[in-house]
2 protein chains.
Amino acid sequence: MTISMNERSRKILEAIVEDYIASAEPVGSKSVSCRHQMGLSPATVRNVMADLEGMGYLASPHASAGRIPTDKGYRFYVDTLLQLRPLKAEERERIERQYASSDRRIDEVLREAVKSLSRLSRYAGIVMAPRIEATVFRHIDFVPLAPGRVLVIFVSRSGEVQNKIIETGINLPAATLEQMTNYLNRVMNGLPLDTVREKIAVEMAQAKMEHDDLQQRVLALSGQALAGEDENARVYIEGTSNILDQPEFADVERMRQLYRVFEQKSQLVDLLDRSRRAHGIQIFIGNETSHSAIAGCSLVTATYETREGTIGSLGVIGPSRMPYGQVIPIVDYTARIVSQLLEEEYQ
Amino acid sequence: MTISMNERSRKILEAIVEDYIASAEPVGSKSVSCRHQMGLSPATVRNVMADLEGMGYLASPHASAGRIPTDKGYRFYVDTLLQLRPLKAEERERIERQYASSDRRIDEVLREAVKSLSRLSRYAGIVMAPRIEATVFRHIDFVPLAPGRVLVIFVSRSGEVQNKIIETGINLPAATLEQMTNYLNRVMNGLPLDTVREKIAVEMAQAKMEHDDLQQRVLALSGQALAGEDENARVYIEGTSNILDQPEFADVERMRQLYRVFEQKSQLVDLLDRSRRAHGIQIFIGNETSHSAIAGCSLVTATYETREGTIGSLGVIGPSRMPYGQVIPIVDYTARIVSQLLEEEYQ
DNA sequence: CTTGGCACTCGACCGGGGTGAGTGCTACGG
DNA sequence: CCGTAGCACTCACCCCGGTCGAGTGCCAAG
């Protein structure tokens with residue numbers, strides 16, 4: 001058993017991975033030897049395949065079937081063998097066109113992105129919206145709905161709107177609210193959200209000292225409105241039914257597991273968050289996700305960013321048997337376009 | 001073959017429907033005769049069952065299996081045999097508690113409702129948000145994001161926030177926007193949305209006559225912001241993976257179809273919309289939905305409303321083999337609670 | 001009209017033989 | 001020492017026939 005991978009074994013591994021990706025059937029020595037006319041007899045290929053299995057790149061479902069790649073096999077393929085298939089101009093155009101009708105509000109853009117990802121990859125698209133911490137203050141507004149109930153609307157510089165109804169207990173006079181709106185909009189405009197929060201805290205302390213109860217309450221209101229949202233709500237998924245067409249999900253039990261993950265979202269949040277902290281393209285293969293419920297699945301993700309840094313991540317989830325060479329450029333280009341669209345907002 | 005349904009046939013039909021709902025297995029004459037000690041021999045039951053089959057209430061999957069209810073059978077059961085199992089105080093309380101933490105913004109309430117529906121019924125919950133036409137003007141706000149781009153925020157009386165970014169082409173001065181905000185908020189407050197639209201149209205005509213280009217543009221802006229949204233986006237679904245546990249969906253192909261429907265939503269919009277136009281509880285059984293993709297499924301829906309009329313509908317979707325007696329009260333009570341919560345907003 | 005009896009039907013389950021793809025091993029030749 | 005050809009072996013898959021049993025339909029008796 002050769003320990004190292006020479007050129008030949010790599011070629012053969014590549015052939016097997018690609019055949020398996022294309023056919024979803026275990027691939028045998030003969031088909032490798034024939035289809036990829038590399039001048040080797042099936043017997044030779046067999047020897048190599050036995051080595052590859054020994055090294056953990058391949059596995060056989062049972063004795064007389066062919067071999068299928070393991071997670072490690074896919075990983076090696078992706079890291080060292082894979083050739084990206086760059087997008088054709090026409091495909092790039094198709095991605096861009098997707099956003100033509102959107103109004104460039106960040107959630108609109110992301111919604112289009114997730115649709116586009118799922119449509120192009122023919123798997124499920126997932127997008128994680130930026131955490132509100134990453135935004136910049138643009139505008140705040142208080143709308144009294146009823147005595148003791150105020151709707152607080154917060155707008156970030158990128159046009160994202162977040163709103164909350166807050167029970168104030170007491171009835172805040174419209175004049176105070178208006179005054180405060182003007183003040184906050186003047187002072188906070190353009191500041192990153194965490195700075196805004198700090199400032200609000202400082203001012204609250206001051207208002208407290210001055211026994212300005214009303215002002216303190218309104219400030220508290222703004223603070224509450226700027227609090228973070230449920231993380232799970234920030235994930236968009238689309239095209240999950242695409243995955244159902246894949247032969248590996250003919251088994252009902254696996255489908256169930258997968259759909260539970262989609263519905264629950266927290267595991268996806270975890271992965272997308274890990275991806276966000278990295279930079280650029282990230283690929284999780286099978287058990288590398290360390291979520292056994294999505295065993296057999298891979299995630300291809302990329303980060304999108306503005307000049308102020310990475311703000312979120314997006315990608316595609318599908319079976320590990322995935323044409324990475326095609327999916328990666330799709331994810332990559334989508335992330336670029338999204339970054340670009342959001343960047344334009346920032347001027 | 002008796003044409004009419006006498007007391008005995010009804011009892012037997014009831015027994016069969018209920019056994020089948022409980023077990024998901026075709027039910028035979030013997031089990032009916034034994035389990036529901038009605039003093040009839042299996043043979044007699046068989047005769048009756050043959051009649052019921054002849055009348056279209058039952059069907060046999062194959063010669064030597066028992067009988068299962070047809071859509072018509074379920075319909076008869078629901079219309080004339082069904083006894084509702086009223087909610088226990090504890091269950092009602094559980095439903096109410098669900099909304100305790102919500103901030104009573106309409107979309108929050110509906111999101112809680114859909115969760116609660118799916119959790120209690122153990123099927124998928126669906127909710128359709130009111131169309132924006134049904135709302136009442138409360139507040140509008142223009143936030144200039146960049147030269148030529150304005151974010152328009154519209155708030156309805158029930159605290160629903162809708163926002164749109166609009167490309168204005170030219171740069172509208174902040175002063176004009178502010179002036180217009182004040183004007184609209186003063187004049188339109190409390191008017192139903194269609195009236196607001198009319199008024200805007202009238203004022204636009206007037207502005208045109210007076211060659212007040214700026215004002216005309218801002219009015220156009222408001223008009224655009226009040227335009228309806230994508231209908232499909234107004235449907236919430238949750239708990240779809242509950243349905244996967246049902247034995248009737250062991251077949252992968254059916255699951256696929258169903259999930260396509262969930263993802264596409266338009267067929268659900270259609271049904272919920274039909275339900276909204278009716279009043280109170282509505283039940284669609286199997287093919288009555290006239291959407292063949294959800295054959296074998298039933299929908300139990302109810303409308304929620306304020307004193308100004310029905311505004312939306314919500315319900316549960318699951319297999320036709322559904323314990324209607326339990327599901328109907330859940331849906332009914334949820335609709336009541338939602339109505340009540342929204343009503344409170346209106347004061 | 002009800003009931004017991006009985007033959008019949010038909011899917012589910014089981015076991016066995018045949019088939020074929022694919023393997024591992026071994027012996028041979030460059 | 002490496003590549004190749006040959007060969008026996010393995011094992012999933014398919015098809016077949018037989019058995020089993022639940023449930024029916026029908027009939028004749030009460």
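Within every chain, numbering begins at 1; the chains are lettered A, B, ... in the order of the sequence lines, protein sequences first and strands thereafter. What you see is a predicted model, and the numbers here were worked out from it, not measured in a lab.
Here A:R85 pairs with A:E91 in a salt bridge; the nearest charged N to carboxylate O distance falls below 4.0 Å.
Looking at heavy atoms from C-beta onward, B:L81 lies in side-chain contact with B:R10 at the 4.5 angstrom threshold.
Comparing D:dT4, C:dT23, C:dT3 against the side chain of A:L40 picks out D:dT4 as the nearest. In this structure, the nucleotide among C:dT23, C:dG4, C:dT2 sitting nearest to the side chain of B:R8 is C:dT2. When the nucleotides D:dT24, D:dG3, C:dT3 are ranked by their closest atom to the side chain of B:M49, D:dT24 comes out on top.
A:I12 places its CD1 atom 14 Å from the C1' atom of D:dC2, with the value rounded to the nearest Å. Distance A:R35 CZ to C:dA21 C1': 13 Å, rounded to the nearest Å. Rounding to whole angstrom units, CD1 of residue A:I68 and P of C:dT23 are separated by 13 Å. One interatomic measurement links the two molecules: CG of A:D19 to C1' of C:dA21, which rounds to 15 Å at whole-angstrom precision. Nucleotide C:dC25 holds its C1' atom 14 Å from the CG atom of A:D51, rounded to whole Å. Atom CG of A:L52 is separated from atom P of C:dG22 by 17 Å (rounded to the nearest Å). Atoms NE2 (A:H62) and C1' (C:dA21) sit 9 Å apart, rounded to a whole Å.
Comparing B:N47 and A:P42, the nucleotide of DNA chain D nearest to each residue sits closer to the 5' end for A:P42. Mapping A:K30 and B:A43 onto DNA chain C by nearest heavy atom places B:A43 at the nucleotide closer to the 5' end. Comparing A:S64 and B:S29 against DNA chain D, the residue whose closest nucleotide sits nearer the 5' end is A:S64.
At C:dT23, one or more side-chain N or O atoms of A:R67 fall inside 4.0 Å of OP1 or OP2 (strictly under the cut-off).
A side-chain contact (heavy atoms from CB on, under 4.5 Å) with A:L58 is found for one member of A:L13, A:T70, A:V27 and no other, namely A:L13.
At a cut-off of 3.5 angstrom, the base of C:dG5 holds at least one donor-acceptor pair with the side chain of B:R46.
The ring of B:Y259 has its center closer than 6.0 angstrom to the ring center of B:F262.
For B:E263 and A:S241, the side-chain atoms include at least one donor-acceptor pair closer than 3.5 Å.
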